[in-house]
Undergrad: 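This structure is in structure tokens; I'll ask about it shortly.
Quick caveat, the model's predicted, so the values are computed rather than measured. Numbered from 1 within each chain, the chains take letters A, B, ... in sequence-line order.
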There are 2 protein chains.
Amino acid sequence: MLQTDQKVSLAVSTVVFALRPHPTTGRMTLWLPLVRRIREPYEGRWALPGGPLEPDEDLAASAQHTLERTTGLTPRYLEQLYSFGAVDRSSVADRDGRVVSIVYWALTRPEEMARAIDGENVEWFVADDVSGLAFDHDQIVRYALDRLRAKITYSPIAHAFCDDEFTLAELREVHEAVRGCRFDPANFRRQALASGWFEPTGRSVQGTSHRPPALYRFRPSEETS
Amino acid sequence: MLQTDQKVSLAVSTVVFALRPHPTTGRMTLWLPLVRRIREPYEGRWALPGGPLEPDEDLAASAQHTLERTTGLTPRYLEQLYSFGAVDRSSVADRDGRVVSIVYWALTRPEEMARAIDGENVEWFVADDVSGLAFDHDQIVRYALDRLRAKITYSPIAHAFCDDEFTLAELREVHEAVRGCRFDPANFRRQALASGWFEPTGRSVQGTSHRPPALYRFRPSEETS
DNA sequence: GCCGCTTAGTGTTGACCTGACCATAAGAGG
DNA sequence: CCTCTTATGGTCAGGTCAACACTAAGCGGC
């Protein structure tokens, strides 16, 4: 247990969002998975899934692998959120050394939620209601929510919550759940199509008790990276 | 030189922007300061100012102090940019251990440029022309430029390049330099004032050979953080 | 088959924003 | 007084957006 000088150590954590109906209101809402801490500091509290950065893994790969290992999730969208490194963030007075966290945020489809429940130590919570988390994770969740709500307005990420083919009504429901307000179906459709991010598949949904909605898919951008 | 296991170490670097006339065209352009590396890897190459994260400093404070120490600069605006941590970013085959950099970006006024030139090992370069930097710093500079050019369109950061009191023509010149295009003075004025970010000081500039322009100041936002 | 219900999708309209451009204001210098 | 310069205000055509009326196309009941 050779301890060098008070070195800073690096962890990678991820805020994963999925959409599910709210337990009381029934309206679509953002949920996120948390894992229970099984050691000090903050033993027994809920925290974001994460772990130390492995020396041979890139940052995003580390987020992905840690997430897979601790929650079983493999999200469709993953992006760096922010790095948190306040001196006292691990706990006000601790001698475990200082931890800097590079935090990612991710989006996943609701099917993943079922697969992810891993017994006692992983649980999903309504994103807007979480509080009392370990470390500064309350603040991180808030920050991730703000980023998601901002980014959905100018980028096509909403489709990461949907299946490969989706109706515009489904896409609109994602926006409504994330932004917390309703959108006019007609206007939403116009803007979604005008953005050029989506294209019709030619298929449509059968068996509805009304006019069958057309199916769309995300159109990968033309960028030649 | 007791080397523990292949631990990852943490550095903080900063991309600092200032505006100065372009050496050949004379048009206002973005510049940034670089420091020459005085050890391997990349000895002799230019690199972003930065240094290891001190265990008792917050991330932003570390950026600020390292910047002050290496270049003498104390920017007016400082914000986290991104964290870079590819496994091979230090150099493809090195045994100095892996370095993860948390990079900040900063804006400063042109007066600072004069104060900052520190002899041989600090020099300012035209931001769009830098290349051949150490590590992945070319890519980081590009990323910072993109962020600056995006953010200036929806936030009042342009004022960080100006004095405390400035004319709308000066503010417009900042936008033109950063975005690389011209703006109609009348339209720019309307939008700047409609944004609510700026307010007239009541004073104006005397001694111009034309109608004296009014002076404005940045109006700190009402947010009760 | 016809009616009523539901959601899909189209059209219209007025408020607002934007960019291009014209006009006037207010200084300096001849 | 005339000219030149930039500041600042006005106008107008085109585009975007939200509200809302309307048509399309499925279902089930009768």
Undergrad: Is it the case that more than 12 heavy atoms not belonging to B:R27 sit under 6.0 Å from its CZ atom?
TA: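 No, CZ of B:R27 has 12 or fewer neighbouring heavy atoms, counting only those of other groups under 6.0 Å.
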Undergrad: Using a strict heavy-atom distance below 4.0 Å, which residues from residues 183-191 of chain A are in contact with DNA chain D?
TA: A:D184, A:A186, A:N187, A:R190, A:Q191
Undergrad: Shortest non-hydrogen contact from B:S101 to B:S13?
TA: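 In terms of heavy atoms, the two residues are closest at OG-OG, 4.4 Å.
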Undergrad: What about A:F198 and A:F166, are their ring centers closer than 6.0 Å?
TA: yes
Undergrad: Under 3.5 Å, is there a donor on one side chain and an acceptor on the other for A:Q206 and A:S204?
TA: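 There is such a pair between these side chains.
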Undergrad: Kindly write out the residues that satisfy side chain to side chain donor-acceptor pair (under 3.5 Å) with A:Q80, not counting sequence neighbours, or none if the list is empty.
TA: A:Y104
Undergrad: Search all heavy atoms of A:W46 against all heavy atoms of A:N121 and return the closest pair with its distance.
TA: CZ3-O, 3.9 Å
Undergrad: Below 4.5 Å, heavy atoms only, C-beta onward: do B:L193 and B:R189 meet side chain to side chain?
TA: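 With C-beta onward as the side chain, the pair touches.
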Undergrad: Is any side-chain N of the basic residue among A:D184 and A:R190 closer than 4.0 Å to the acidic one's carboxylate O?
TA: no
Undergrad: Say whether, by atom type as modelled, one donor and one acceptor occur between the side chain of A:T208 and the main chain of A:H210 under 3.5 angstrom.
TA: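 The answer is yes, because a donor-acceptor pair under 3.5 Å joins these two groups.
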Undergrad: If a pair satisfies salt bridge (charged side-chain N to carboxylate O under 4.0 Å, His left out) and one of its residues is in residues 171-182 of chain A, list it, with sequence neighbours excluded.
TA: A:R172-A:E176, A:E176-A:R182
Undergrad: Using a 4.0 Å cut-off on heavy atoms, which residues in residues 206-216 of chain B reach DNA chain C? List them by number, or say none.
TA: B:T208, B:S209, B:H210, B:R211, B:P212
Undergrad: Specify the residues of residues 160-180 of chain B, ordered by number, for which at least one heavy atom lies under 4.0 angstrom from an atom of DNA chain C.
TA: none
Undergrad: 5' to 3' on DNA chain D, which nucleotides open and close the contacts with chain A (atom under 4.0 Å from a heavy atom)?
TA: D:dA18 to D:dC27
Undergrad: Where the side chain of B:T201 meets the backbone of B:L215, is there a donor-acceptor pair that is under 3.5 Å apart?
TA: yes
Undergrad: Does any part of the side chain of A:I140, heavy atoms only, come nearer than 4.5 Å to the side chain of A:Y82, both counted from C-beta?
TA: no
